[in-house]
2 protein chains.
Amino acid sequence: MASLHPSLRSPITAADRVLLEIQRAIVEGDIAPGSKISEPELAKQFDLSRAPLREALARLERCHLIERIPNAGARVVKLSTQGLLSLYQLRETLEGLACRLAAEHMADTEIAELRALLDQHLNTQRVREGESYYQEAGDLDFHYRVILGSKNEYLINILCDELYYLVRMYRVQLGMNGPRVSRAFDEHKAILNAIANRDGELADLLMRRHIAASRRNIEKQLEQTGT
Amino acid sequence: MASLHPSLRSPITAADRVLLEIQRAIVEGDIAPGSKISEPELAKQFDLSRAPLREALARLERCHLIERIPNAGARVVKLSTQGLLSLYQLRETLEGLACRLAAEHMADTEIAELRALLDQHLNTQRVREGESYYQEAGDLDFHYRVILGSKNEYLINILCDELYYLVRMYRVQLGMNGPRVSRAFDEHKAILNAIANRDGELADLLMRRHIAASRRNIEKQLEQTGT
DNA sequence: ACAGATAACATTGTCGACAATAAGACTAAA
DNA sequence: TTTAGTCTTATTGTCGACAATGTTATCTGT
């Protein structure tokens, strides 16, 4: 694979650590959208030199969390309805493809594991109803596994390493919760069944619908908050 | 847009220059696939320090031309049938989407310009029959404009900045030529017509077929050469 | 002779300082 | 008062050196 998630790579460098911290801070809104990134300031804050920090910034740019202008500096991205639309448009298509490929390429054992995962999520959902953290983690886990099941390295890279964090940022800052939660589980189940039946076309369709529904949900939140 | 092509950005830095040079060298095979990238060596070769070089390497990794392992170094990617398949699988879907969006979002003037471009290519094709360089440039130009016409920043970024160079590497090193050249023009024309008719669905379908045909063509070359 | 440990080497990661560029403040003229 | 220009300041880009890690060759013991 071109680039693995830092936490999954053997040697963890200083740049990796600061990357994860800043990534989290941006995604969760601790660093405000649109705010300027100051290299000296951040370097002092994390107590390291600018070299590993710049490495981290390069990767943050790669996953669309910041925008850099040469000789001018970097800014945290601003969320927008247009951006959300573009992002989810892409996700629909890409994860749809991932589903179709997963239906072709996932091993039976992988499918069984995925089914076990869903059952497990269903339980935790019942126990901790309304707590969006577990729900979100479970949802991401499901999507992750399907994407990995596609066995297409470029597709995996784009979805998991480049688009994922931005998707999460929209969800965290705009709130993915409410009645959609329970429905999402049913949709996951249906997708899994399609994959298990090796029906790539149906899996594709269901995943696209699933994401479209998710998009509409967030869009609603965005309009309430105001651009 | 998250990241523009270096040559299109106002301030051109040393890292940009060396990036373009190495990029070209890798794509055209001057630096052999699979060979190790030595930072000190390249720095000496291009007569600059390792800092801008590492910046360039980070971007090369981003467009999948090299693979880096922390503390171990970077290697130029190796071409493979599997890689080609994965890449074109993705391209089919993504450029199909781009076409559908282009049919929705391109301005009439843009469509007119694209038509003019195609006519122009037809002429140069007749004049310089068989010279694949112009053909390739023209083909890329067409695809570029359609992608830009989608008006989806993430889609544009992925296709133009991340996947493009690798696509070109396969084409350059394996040779896209022969009878496919003339047929490609007709396919471009058909795609353009669909876009002009605002028939996104058809444009999507035609583009996917167009790329699938292109893939089969290269695949054939790859099998002849041997893995 | 072969396997494992060890040491010498090379390469990458990180650091602090300097140079080049852009942003902002201040002055001066209309 | 506004605006254009200049100058100051701060930030980014680049550099050379050091530290940490990976790799390779050597040495030792069986």
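The chains referred to below are lettered A, B, ... by the order of the sequence lines, with proteins before strands, and numbering in each begins at 1. Just so you know, these numbers come straight off a predicted model, no measurement behind them.
Toward the 5′ end of DNA chain C lies the nearest nucleotide of A74(B), the other residue of the pair L48(A) and A74(B) mapping further downstream.
Under the 3.5 Å distance criterion, the side-chain polar atoms of T13(B) are left unmatched by any main-chain donor or acceptor of D16(B).
Between R54(B) atom CZ and dC15(C) atom P the separation is 12 Å, expressed in whole Å. Summarising the geometry, the separation between NZ on K44(B) and P on dT12(C) is reported as 14 Å, rounded to the nearest angstrom. The distance between atom CG of L57(A) and atom P of dT11(D), rounded to the nearest whole Å, is 14 Å. If you measure from atom CD of E39(B) to atom C1' of dT14(C), you get 12 Å, rounded to the nearest angstrom. Atom P of nucleotide dA20(D) and atom CG of D16(A) are separated by 17 Å, given to the nearest angstrom. Rounded to an integer number of Å, the gap from I69(B) CD1 to dT12(C) C1' is 13 Å. To the nearest angstrom, P of dT11(D) lies 12 Å from CG of L42(A). Between R68(B) atom CZ and dT21(D) atom C1' the separation is 15 Å, expressed in whole Å.
Closest contact between the side chain of P52(A) and the listed nucleotides dT12(C), dT14(D), dC15(C) involves dC15(C). Of the candidate nucleotides dG13(D), dG13(C), dT23(D), dT23(D) has the atom lying nearest to any side-chain atom of A72(B). The side chain of N71(B) has dG22(D) as its nearest neighbour among dG22(D), dG13(D), dG16(D). Side-chain proximity of A14(A) to the nucleotides dT14(C), dG13(D), dT12(C) is greatest for dT14(C). Nearest to the side-chain atoms of T13(A) among the listed nucleotides dG13(D), dG22(D), dT14(C) stands dT14(C). Among the nucleotides dT11(C), dG13(C), dT14(C), the one closest to the side chain of K36(B) is dT11(C).
A51(B) comes within 4.0 angstrom of a base, heavy atoms only. L53(B) comes within 4.0 angstrom of nothing in the nucleic acid, heavy atoms only. Counting non-hydrogen atoms under 4.0 angstrom, I37(B) reaches the backbone sugars and phosphates but no base.
For the atom pair OG (S150(A)) and CG (L94(A)), the distance works out to 10.0 Å, reported to the nearest 0.5 Å. Taking CG from L97(B) and CG from L97(A), the interatomic distance works out to 11.5 Å, rounded to the nearest 0.5 Å.
Within a 6.0 Å radius of NZ in K44(B), other residues, nucleotides and ligands contribute 12 heavy atoms or fewer.
At dT14(C), none of the side-chain N or O atoms of S49(A) fall inside 4.0 Å of OP1 or OP2 (strictly under the cut-off). Between R50(A) and the phosphate of dT14(C), there is no side-chain N or O to OP1/OP2 separation shorter than 4.0 Å. Within the 4.0 Å cut-off from OP1 or OP2 of dA10(C), not a single side-chain nitrogen or oxygen of S38(B) is found.
A cation-pi contact links R91(A) to Y88(A), judged by a cut-off of 6.0 Å to the six-membered ring centre and 45° from its axis.
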Any chance you could lay out the side chain to side chain donor-acceptor pair (under 3.5 Å) test for E95(A) and H143(A), step after step, and finish with the verdict? CA-CA 8 Å; E95(A) 292 212 32; H143(A) 284 263; 2.7 Å; yes

